[in-house]
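All remarks here apply to the structure that follows.
Every heavy atom of this structure was used, including side-chain atoms; hydrogens, water molecules and symmetry mates were not. Every number for a ligand or one of its atoms is a count from 1 in the order of the listing.
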Amino acid sequence: MSADNLKAKSSAAIQNCASDLYDLSQEIWKNPELAFKEHRAHQVLTDFLEKQGFRVDRHYKLDTAFRAVCGEEGGLHVCVICEYDALPGIGHGCGHNLIAEVGVATGIAIKEVIQDFQQPVKLTVMGTPAEEAGGGKNFLIQDGCFKDVDFAMMAHPFTYNISRWRCLAIITLEVTYKGEASHPAYQTWQGTNALDAAVLCYSNISVLRQQMRPHHQVHGIIENGGTHPDIIPSETTLRFYLRAHTETELKNLEKSVVGCVESAAIATGCQVEYSFKRDASKYSNLIQNNTLATLYERNAEVLGVTNCPDKSVTGAVSGSTDMGNVTHVVPGIHPMFALPTDASIHSRNFTLQAGTLESQPYALNQAKALAMTAIDVICQPQLMDTIRVEFQQDLAND
Ligand SMILES: NCCCC[C@H](NC(=O)CCN)C(=O)O
């Protein structure tokens, strides 16, 4: 069968399941679950994939991770990634219900044609928890789950179509100031105000922002600012995210931020403890493989998905994802696809849009484009050599 016929057959498989896929997505959207607690999503996704004939490993390495496999060993191993965690307070404001749906739909589409290829193909749909906080993919990477994968793909809903979204390496900084409680209207001089230290720290970082390099970002919150207006706060805590193009740049940014943190302690006489979380919550920048991205762009274009023409939008670099870490261990792509909305991700309006029937064709198109991209590579296995060379070059230049 020609690649074009395989693509048509795979797309038809998605279209045939469109109504069930919408129900699946709705089930996740209506029941938002936070990082590592995505029990219901795990259940419905694994049940769905099992019904579709996948060999499913539930609770794969992590309680709410899964692996659903079809095909055979001995040839290419394609991995399609699902995310399904929600955000505190605003539900699926990042549209991960659609990411999960796209992952499953892509899996169905590739499975439909898996026996039609000239060589064996193995397909894994990988369920990865806790993208928004915690970095589920990093635990799976550490456990060797991507070791025999040739390439990995997923797609993320957004406000624009951006095939090669560049996202940043990120690290979390936690800061605690300790002072001395006292009455703020009586013996004020006996107090040491930890809230003043927190406010100064926050302001120092705001001032630093003007001097930061483009694409360096620091933003955060005061998590605990004290307990009562008439007690000088003796302890406060802050949490910041620091982002930069690469891990090396992130290190430089860390140094500047440490100056802001420590100077606030000196100015107020507080003690300070701080730590950069060098654990699974630390995400690498995203490397979009050129060959995979080019194939995806061509396929998406055929389906009427055109990349946003505004270079100021497509050239923007922002946000972070643990898919970044995946693209440092295997070649991958992570296109952003537009829903019909102006709303920003992580907003209530985006939550609403991610649950509409109106958004469905946009999600299903992505699944078709990802499956078509995999079909291109499987039908021209020599492309894999180029993909591997690019991958090594990208890592070396990172
Ligand atoms: N450890 C912090 C992770 C933050 C990840 C988050 N990701 C997104 O918003 C994009 C995709 N969901 C972020 O960039 O803030």
Problem - Under 4.0 Å to a heavy atom of H96 - the qualifying atoms of ligand 1, by number - result: 12 (N)
Problem - Nitrogen or oxygen atoms of E83 and ligand 1 under 3.5 Å apart - result: no
Problem - SB check K7 D376 (cutoff 4.0 Å) - result: yes
Practice task
Evaluate the ring planes of H183 and Y186, with Trp represented by its six-membered ring, and classify them as parallel (under 30°), tilted (30 to 60°) or perpendicular (over 60°).
Solution key: perpendicular
Practice task
Determine, step by step, whether T373 and N299 satisfy the side chain to side chain contact (heavy atoms under 4.5 Å, CB included) criterion, reporting the C-alpha distance in whole Å, the side-chain angles of both residues, the deciding distance to 0.1 Å, and the verdict.
Solution key: CA-CA 7 Å; T373 302; N299 288 314; 3.4 Å; yes
Exercise for the section: Could you tell me whether E174 and K277 make a salt bridge, using a distance below 4.0 angstrom between a side-chain N and a carboxylate O? Expected result: yes
Practice task
Run the salt-bridge test on D150 and K122 with the 4.0 Å N-O cut-off and return the result as yes or no.
Solution key: no
Exercise for the section: Identify the protein heavy atom lying closest to atom 4 (C) of ligand 1, giving its residue, its atom name and the separation to 0.1 Å. Expected result: E132 O, 3.8 Å
Exercise for the section: Measure the acute angle between the ring planes of Y84 and F66, then classify it against the limits of 30° and 60° as parallel, tilted or perpendicular. Expected result: parallel
Exercise for the section: Sort out for me which residue in Q366, Q288, R164 forms a side-chain hydrogen bond (donor to acceptor under 3.5 Å, both in side chains) with Y296. Expected result: Q366
Exercise for the section: Check if K282 has a non-hydrogen atom at a distance under 4.0 Å from any atom of ligand 1. Expected result: no
Exercise for the section: May I ask you to identify the nearest protein heavy atom to atom 11 (C) of ligand 1, giving residue, atom name and distance to one decimal place in Å? Expected result: H156 NE2, 3.2 Å
Fill in the blank from the handout: Among S320, C167, A130, closest by heavy atom to atom 6 (C) of ligand 1 is S320
Problem - Heavy-atom nearest neighbour in the protein, as seen from atom 15 (O) of ligand 1, with distance rounded to 0.1 Å - result: R243 NH2, 2.8 Å
Fill in the blank from the handout: re atom 12 (N) of ligand 1, the protein heavy-atom contact at minimum distance is E131 OE1, 2.7 Å
Practice task
Go through ligand 1 atom by atom and flag the ones less than 4.0 Å from a non-hydrogen atom of C94.
Solution key: 11 (C), 12 (N)
Problem - Between H245 and H216, ring centroids under 6.0 Å - result: no
Practice task
Would you mind checking which non-hydrogen protein atom is closest to atom 3 (C) of ligand 1, with the distance to 0.1 Å?
Solution key: Y283 CE1, 3.4 Å
Exercise for the section: Could you tell me which atoms of ligand 1, counted from 1 in the order shown, lie closer than 4.0 angstrom to a heavy atom of G319? Expected result: 14 (O)
Fill in the blank from the handout: ligand 1 to S281, heavy atom cutoff 4.0 Å, flagged ligand atoms 1 (N)
